[in-house]
Amino acid sequence: MLERAPLFQGLSRTQLRRLAGASAFRRVRAGTELVKEDVPGSVFYVILTGTAKVTKGGRTLKRLGPNDFFGEMSILTKMPRSASVVAETPLECLTLSASGLRAAMNEDPSIAVRLLGTLAERLATLDRRAGV
Ligand code: CMP
């Protein structure tokens, strides 16, 4: 499963095995709020199947689907969750703890680079919404 996620492409068997040891599989029902705006959190999610909605102040920012990830911002910034993420359909995802994600970034800096690109895009969207 990890191997199929573009975020983790290029990892060796050993690295994938180590990452698998630090990750968990989670299946949730439609309507489940996985991440709540303004609440501290330290779990990182990669969507395997299904779609989720990212909302802030009740407004939809983005829809996420297979191979998309979320929850990286609180881990990287140590700030409360920037938005809420709710499953729109039944969702299957992989979860990683903050330390698991940090270990993965140290293992392969290209993971950090991929995360950074998405993070910058999301921050720009949040700033634009806030009129900063
Ligand atoms: P985090 O702040 O930990 O929790 C909420 C998550 O929603 C955030 O990490 C990002 O993963 C995601 N998120 C925030 N803003 C956007 C956006 N504009 N587009 C897509 N995802 C976002």
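As the structure lists them, so they are numbered: ligands from 1, and atoms in each ligand from 1. Position 1 is the first residue of the sequence, and the numbers go up from there.
When side chains are defined from C-beta on, L7 counts as touching L115, because their heavy atoms get closer than 4.5 Å.
F8 meets the ring pair (Phe, Tyr, Trp, His ring centres under 6.0 Å) test with no other residue; sequence neighbours excluded. In terms of the side chain to side chain contact (heavy atoms under 4.5 Å, CB included) criterion, residue partners of R18 (sequence neighbours excluded) are, by chain and number, T14, E107.
Salt bridge annotation for R26-E92: absent, with no cationic side-chain nitrogen under 4.0 angstrom from a carboxylate oxygen.
Residues lining ligand 1 at a heavy-atom distance below 4.0 Å are given as V35, V54, L61, K62, F70, G71, E72, M73, S74, R81, S82, A83, V85, R122, T125, L126, ordered by chain and residue number.
For the atom pair C93 SG and M1 CE, the distance stands at 10.5 Å (nearest 0.5 Å).
Applying the ring-ring contact (aromatic ring centres under 6.0 Å, His included) test to every pair with at least one member in residues 65-109, sequence neighbours left out, gives these pairs: F44-F69, Y45-F70.
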